[in-house]
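This one's a predicted model, so the numbers in the text were calculated from it and none came from an experiment.
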Amino acid sequence: MEHPGRTTSIAPERAQAIRDSFARQEMMATIGARIDEIAIGRVVLSLDVSPRIGQQHGFVHAGATFALGDSAAGYSALSLMPEGSEVLTVEMKINLLAPATGRRLIAEGEVVKPGRRLIIARATVRAEAEDGSLRDVAILQGTMIPS
C-alpha cells in the first residue's frame, strides 16, 4: 500500500539486515519462501505451491499460509524498528477467505500503525493462478514487538 508523502525506499544496509534475519528462519526455508520486495513498512514474500505444503484436500495447508503472512507482516514491522533489532509476534489473527490453490502464494505485509513499543501490521495472502490472476486467500493482522 502506498502512503502519500512517505518514501518507500529503504537503506541497503537495513534491507540486508532483513534478508539476513529471513535467512535464519528455518521454517521459511522448509516451505520454500523467498523475499520479493522490501520497502519501508512493506515486505512481500512468496512461495511456490507444491505438494510438500499441501493438506489432505489438495489445497495449501493453512499453517503454511499463516507462516508466510506472519513473516511478511513481521518483516514489514522490522523495517521500521531501530538498527540491531529483531522482531517477535505478540499476537496474530487470520481470516482464511478461500482455499489456497494455484502456482504461487504471495504475502504482502504492511505496517498499519507504528508505535513506540508495539507495531500493528497486517498481511494479505494471495494465490496466483496459472494465468497470473490473483485471488485473496487470507488476511492477517497482528502486533509486533522488537526483541
I'd like to know whether T101 forms a side-chain contact (heavy atoms from CB on, under 4.5 Å) with V60, so could you lay out the CA-CA distance, the side-chain angles of the two residues, the decisive distance to 0.1 Å, and finally the verdict. CA-CA 6 Å; T101 62; V60 173; over 6 Å; no

Step by step, would you call V125 with D136 a side-chain contact (heavy atoms from CB on, under 4.5 Å)?
CA-CA 6 Å; V125 182; D136 290 356; over 6 Å; no

Item to complete: Given salt bridge (Lys or Arg N to Asp or Glu O under 4.0 Å), test E86 with R24 step by step and report yes or no.
Response: CA-CA 12 Å; E86 268 295 346; R24 292 190 302 272; 2.6 Å; yes

field: Verdict with supporting geometry, M92 and F66, side-chain contact (heavy atoms from CB on, under 4.5 Å)
entry: CA-CA 9 Å; M92 182 66 70; F66 182 88; 3.5 Å; yes

- Decide yes or no on side-chain contact (heavy atoms from CB on, under 4.5 Å) for R126 and T124, but give the supporting numbers first. CA-CA 6 Å; R126 294 180 176 91; T124 302; 3.6 Å; yes

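Of all non-hydrogen atoms in A67 and I31, the two that sit nearest each other are CB-CD1, 4.5 Å. Between M28 and F22 the shortest heavy-atom distance is CG-CE1, 3.5 Å. Heavy-atom minimum distance, T65 versus A138: CG2-CB, 3.7 Å. A pairwise comparison of heavy atoms in M144 and A121 identifies CG-CB, 4.5 Å as the closest pair. Residues S79 and G41 approach most closely at OG-N, 2.7 Å, considering heavy atoms. Scanning all heavy atoms of the two residues, the minimum distance from A62 to L96 falls at CB-CD1, 3.8 Å.
To the nearest 0.5 Å, atoms CG (L80) and OH (Y75) are separated by 14.5 Å. The CG atom of L105 sits 5.5 Å away from the CD1 atom of I53 when rounded to the nearest 0.5 Å.
Ion pair E83/R14 not flagged as a salt bridge, since none of the NZ, NE, NH1 or NH2 atoms sits closer than 4.0 Å to an Asp/Glu carboxylate oxygen. Ion pairing between a basic and an acidic side chain is recognised when a charged N comes within 4.0 Å of a carboxylate O; E128 and R135 show no such pairing. A salt bridge does not link E130 with R104: every distance from a Lys NZ or Arg NE/NH1/NH2 to an Asp or Glu carboxylate oxygen is 4.0 Å or more. With respect to R103 and D131, no salt bridge is recorded, no charged nitrogen being found less than 4.0 Å from a carboxylate O.
S85 places a side-chain N or O within 3.5 Å of a backbone atom of P82 that can act as its donor or acceptor partner. Judged by distance alone, the side chain of S133 and the main-chain N or O of A129 form no donor-acceptor pair under 3.5 Å. For S21 (side chain) and I18 (main-chain N/O), no donor-acceptor pair under 3.5 Å exists by modelled atom type.
Counting heavy atoms from C-beta on, the side chains of I106 and L134 come closer than 4.5 Å. Looking only at side-chain heavy atoms (C-beta outward), I38 and R19 come within less than 4.5 Å of each other. The shortest distance between side-chain heavy atoms of L140 and R122 does not fall below 4.5 Å. By the 4.5 Å heavy-atom criterion applied to side chains, P99 and H57 are not counted as neighbours.
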